[in-house]
Structure formats: C-alpha cells, structure tokens
Amino acid sequence: MPPTTLNIMRNLLLISLLLLCSCYGNPSTNSCYNIALWEKSADTVKLKKYVDVVTYAFYNDTTKFIFSSYKEAREGQMTNILTKEKVNYDIKGVTIEPDSVSNISNVTASKITVVICDTVNKVYAYRQSPIAAGLDSIFVILEIEPYRVKEGKVIEKRGWIIKR
C-alpha cells in the first residue's frame, strides 16, 4: 500500500478505537492504553497485523525495574534492579479483533510500563509511558521487524525498546 493509504487506515483505526473504547469514568484515573501492532517481514514491504501476542502493564518505573529475559516478560514479571525481587503485572491487556489492537483498560496511574510479547517470534518490546490527566484513551502504533532483532541486540524505535 502507498504510505498515504496506510496513514489513512491508521487514522481510521484510531478514530474507531476512540469511539469504541470501553473505558468510562474519571479520565484522570481510568484510562485506556491502546497499541496497534504491526509486523514487517524481511521479504515484503507490507505490514501485517500481529495475532499471537500478550500484553501487560506495570505501575513500575524502568529506572528501577527491568525485564531480564523474554521468558520473564512473557510471564508478566519485572525484576527490581537493586533487590532482584520479581513483581507481577498490574494489568493484563486484551487483543481486540479483527484489528489486532492490544487494549489495556482501567489504567489508574500517571505512568506505566507496557510490555508486548510476540509469542511466535519470541521477541518483546517495552516502553514507559506517561498517562496524561484528562485522557480517556491513548493510542500508539508499534511496528516490529522480528527478523532484525538478534539475540543480545537492542533496537530502539519510537520510544520502544525491542529485544529477543
């Protein structure tokens, strides 16, 4: 698809999610975090929707907590850098079909760490995101090229840290 068509499709997806998001209540304490997930393979320029992913949100700061491995991220855990204590996720995301949008509802903090795990390619991506008061929904796009993510290599893309 030409870039303009892809941009139009993304904007339509954003508008539909904003209209259909099931988060209600005080926007400063009950927000939705939506991630449109796209995969790009090495043999084509076309993007395809992710299907096999799990998503978690943590109320922990990435300066104090890390994902020590794909397995830890996949299991919804982070490790405290100083104490090595493991903590579990605060919110588990759900995938909204047919759009392959991962939705994290009922966010009640001003900052979250989001992790997305591609269960087929064994790749994960995470980022820390501020949640502005007054927003019912936040929408972000993540494009991953799993073939570029090598063991031990870190890729940074639009605020996301992507690892294998």
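What you see is a predicted model, and the numbers here were worked out from it, not measured in a lab.
Within the 3.5 Å criterion, the main-chain N or O of Tyr89 finds no donor-acceptor partner in the side chain of Tyr59. Within the 3.5 Å criterion, the main-chain N or O of Asp52 finds a donor-acceptor partner in the side chain of Thr119. A donor-acceptor pair under 3.5 Å is formed between the side chain of Lys150 and the backbone N or O of Tyr147.
Note that the CD1 atom of Ile162 and the NZ atom of Lys157 stand 6.0 Å from one another [nearest 0.5 Å]. Note that the CG atom of Asn80 and the CD1 atom of Ile66 stand 9.0 Å from one another [nearest 0.5 Å]. Glu151 CD to Arg164 CZ: the interatomic distance, rounded to the nearest 0.5 Å, is 7.5 Å. Atom NZ of residue Lys49 and atom OG1 of residue Thr95 lie 12.5 Å apart, to the nearest 0.5 angstrom. With rounding to the nearest 0.5 Å, the separation of CG in Asp90 from CE in Met78 is 10.0 Å. To the nearest 0.5 angstrom, Ser102 atom OG is 10.0 Å from Lys92 atom NZ.
At a cut-off of 3.5 Å, with distance as the only test, a side-chain donor of Glu72 or Thr79 sits close to an acceptor on the other residue.
For the ring pair (Phe, Tyr, Trp, His ring centres under 6.0 Å) condition, the pairs that include at least one residue of residues 98-137, sequence neighbours left out, are Phe67-Tyr126.
In this structure, Lys64 places its NZ atom where only 12 or fewer heavy-atom neighbours from other residues, nucleotides or ligands lie under 6.0 Å away.
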